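Below is one structure, written out as structure tokens, with a few remarks after it.
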Amino acid sequence: YTRGGVAATLQNAGLVSGTTFAGVFLHGAGTLTNAAGGTIQGARYGIYASPTYTATVFNAGAITGTTVDGVLLNGAGSVTNAAGGTIAGASYAVSLHGSAASTLVNAGLLNGTAIAAALLSDGGLLSNASTGTLVGGFAGFAGLGTLATTVVNAGRIAGTNFGVDIYSANGVVTNSGSISSTVQTNGAGVDLKAGGSVTNAGGGRISGEWIGVQIGAVTASLGGTLV
């Protein structure tokens, strides 16, 4: 726990556990590195960061929020989940908020059991590498807010209702991997509710049991497969 807005640097290669609230509480700007073999777990949140302050999280180990989120940054910032890293939460694996765009880079596993693997509530970038997987109970990825939300996917993004679900003013999806949804009614592989652009490269696959791509005002460039 960091107090009073004091910047901090934390490095973990062992076990950090919070039995009531969070494994790590950042109440100020900070950088947290969870190395391979390291575990951070909390009853509600694995890592919780207060509003106003920008936090940076790098994970190559395991981060778990048992009843809420794996990582919640309330003041924007960035999260990098390396190959072999796992972030899991009951609601979201990673939830990024704040008045500025955030960045999420994933090459490992993000698992959000009830809602989504990842949420960018104020726009930003999700970059999912070929080794990366996002799996969510409702959506693989969700983007909100008035700022542009960009998804670059070379791996796998999957959700029950939506693979990628973007509500922001400008959603941009570039896919060379797999994006999918499995619900048979009112779902889509990619849903751009306020419009934007979808580019599906050769070898890319966007699939939905109900709709492959559902859009507002959109420009689509398709070189792969929409199912």
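Just so it is clear, the model here is predicted, and its values are computed rather than measured. Throughout, residue positions are numbered sequentially from 1 according to the sequence presented. Values reported hereafter were calculated over all heavy atoms of this structure, with side chains retained and with hydrogens, waters and symmetry mates removed.
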Practice task
Answer yes if the side chains of Tyr48 and Asn74 hold a donor-acceptor pair under 3.5 Å, and no otherwise.
Solution key: yes

For the student: nearest non-hydrogen atoms of [X] and [Y], plus distance:
X	Y	result
Ala55	Leu73	O-CD1, 3.7 Å
His97	Ser121	ND1-OG, 2.9 Å
Glu209	Val183	CB-O, 3.1 Å
Val135	Arg156	CG2-NH1, 3.6 Å
Ala201	Ser176	CB-CB, 4.2 Å
Thr67	Ser91	O-OG, 4.4 Å

Check for me, please, whether [X] and [Y] land in the same ILVMFWY cluster - side-chain distances under 4.5 Å, paths through other members count.
X	Y	value
Val57	Val16	yes
Ile63	Val79	yes
Tyr92	Leu104	no
Ile206	Ile215	yes
Ile40	Leu10	yes

Is there a donor-acceptor pair under 3.5 Å between the side chain of [X] and the backbone N or O of [Y]?
X	Y	value
Ser180	Gly208	no
Ser130	Gly155	no
Thr54	Gly77	no
Thr39	Ala62	no
Asp69	Gly89	no
Thr33	Gln11	no

Quick one: does [X]'s side chain get under 4.5 Å of [Y]'s, heavy atoms only?
X	Y	result
Val190	Asn175	no
Leu126	Ile157	yes
Asp165	Tyr167	yes
Asn161	Ser181	no
Phe141	Leu120	yes
Asn34	Val24	no

Practice task
Applying side-chain hydrogen bond (donor to acceptor under 3.5 Å, both in side chains) between Asn81 and each of Asn59, Thr86, Asn128, report the one that passes.
Solution key: Asn59

Practice task
On the 0 to 90° scale, with breaks at 30° and 60°, tag the Phe25-His27 ring pair as parallel, tilted or perpendicular.
Solution key: perpendicular

Problem - Member of Asn153, Val213, Val173, Thr149 meeting the side-chain contact (heavy atoms from CB on, under 4.5 Å) criterion with Val164 - result: Val173

Starting at [atom1] of [X], measure out to [atom2] of [Y] and round the result to the nearest 0.5 Å.
X	Y	atom1	atom2	value
Thr64	Ile47	OG1	CD1	10.5 Å
Phe21	Tyr45	CZ	OH	5.5 Å
Leu109	Thr131	CG	OG1	11.0 Å

Problem - Working for side chain to side chain contact (heavy atoms under 4.5 Å, CB included), residues Leu26 and Tyr53 - result: CA-CA 9 Å; Leu26 296 173; Tyr53 307 104; over 6 Å; no

